[in-house]
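A short worksheet on the structure shown next.
Because the structure is predicted, anything quoted here is derived from the model rather than measured. Quick note on labels: first sequence line is chain A, next is B, and so on, each numbered from 1.
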Amino acid sequence: AQSVTQPDIHITVSEGASLELRCNYSYGATPYLFWYVQSPGQGLQLLLKYFSGDTLVQGIKGFEAEFKRSQSSFNLRKPSVHWSDAAEYFCAVGAAGNNRKLIWGLGTSLAVNP
Amino acid sequence: DAGVIQSPRHEVTEMGQEVTLRCKPISGHDYLFWYRQTMMRGLELLIYFNNNVPIDDSGMPEDRFSAKMPNASFSTLKIQPSEPRDSAVYFCASSLTGAGANVLTFGAGSRLTVL
C-alpha cells in the first residue's frame with residue numbers, strides 16, 4: 001500500500017539549533033517527493049521537491065532534503081532554526097505521468113523556543 | 001498573480017443547510033484540486049479537475065458532496081445537506097501541466113463549522 005509516514009507528531013527545538021524532520025514512504029513507482037509548510041491559518045506552501053538527479057535538494061527558507069532510495073526516506077533539514085519556522089510540515093509523494101494524486105503524511109508540528 | 005483565492009474564509013452553518021465553497025485558481029493553471037483537512041484524517045484529496053473536466057472524484061465522501069468547474073477560473077464545492085462531521089478546513093489548490101503538475105499552489109482555505 002502507498003503511504004507516507006512522518007514519525008514525529010511534534011518537535012520542539014531552540015532557536016539557532018539544527019533541525020531534522022523525518023519522512024518515510026512506501027510507493028510502488030519511482031517517487032516524486034515534496035515538503036510543504038503550513039503556517040497557522042494559512043494554506044500549504046511548497047518548500048522543496050525532488051523529481052530526479054541530485055539526491056540533495058535545496059529549497060526556500062534555507063531548508064534542504066535528502067532522498068535516500070535504500071531507506072525510502074526524504075528527511076528535511078535546516079542547520080539553524082529561526083522562530084519564524086514554527087509551523088506544520090508535511091511530506092508528500094507522487095508519481096510521474098498523469099496521476100496527480102499525492103499521498104500525504106499527517107504532518108509534524110514544529111515549535112521553536114526563543 | 002494574487003494566488004489561489006478561496007471564499008468564504010470561515011463558514012458557520014447549521015446541520016442540514018447547503019454550503020458552497022468557492023475557488024479561483026491561478027490564471028493559466030490547468031489542474032484544480034479540492035482537499036479536506038481534519039486533525040483525525042489529515043489532508044484528503046476530494047476531487048481534481050484537468051482543463052475543467054473532473055478526472056478523479058474517488059475521494060468525495062458521499063453524494064452530499066459535489067464539485068463543479070464551469071470555466072478555467074472558477075470552481076465550487078457544494079455540500080447538501082451539511083452534517084457536523086463535515087466540519088473541516090477545505091483547501092483548493094491549482095497547478096500547471098508538465099513536470100510541475102504535482103507542484104501545488106494552495107489557497108488559504110475555507111474553515112467550515114457545521115453545528
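The contact between B/Q37 and chain A is made entirely by side chain atoms (from C-beta outward), counting heavy-atom distances below 4.5 Å. Only the side chain of B/S58 comes within contact range of chain A, judged by heavy atoms closer than 4.5 Å. For B/R41, the part lying near chain A is the backbone, with the side chain staying farther off; criterion is any non-hydrogen pair under 4.5 Å. For chain B, the nearby parts of A/L44 are the backbone and the side chain; heavy atoms of each come within less than 4.5 Å.
B/Y31 carries A/R100 over the face of its six-membered ring, with the cationic atom under 6.0 Å from the centre and within 45° of the normal.
For A/I60, the CD1 atom is densely surrounded, since the number of other residues' heavy atoms within 6.0 Å is greater than 12.
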Side-chain atoms of residues 13-20 of chain B: list all donor-acceptor pairs with protein atoms under 3.5 Å, sequence neighbours left out, distances to 0.1 Å.
none

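If you take CG on A/L46 and OG on B/S95, they are separated by 11.5 Å, rounding to the nearest 0.5 Å.
Under the side chain to side chain contact (heavy atoms under 4.5 Å, CB included) criterion, A/E88 pairs with A/Q38, A/F90, A/S109, sequence neighbours left out.
Here the closest non-hydrogen pair linking B/Y48 and A/K101 is CE2-CG, 3.8 Å. A/Y36 and B/L104 make their closest contact through OH-N, 2.9 Å (heavy atoms, listed as atom of the first residue, atom of the second, distance).
One hydrophobic cluster, built from ILVMFWY side chains closer than 4.5 Å, cannot hold both A/Y50 and A/Y32; they sit in different ones.
Between chain A and the options B/G107, B/G42, B/A108, heavy-atom pairs under 4.5 Å are most frequent for B/A108.
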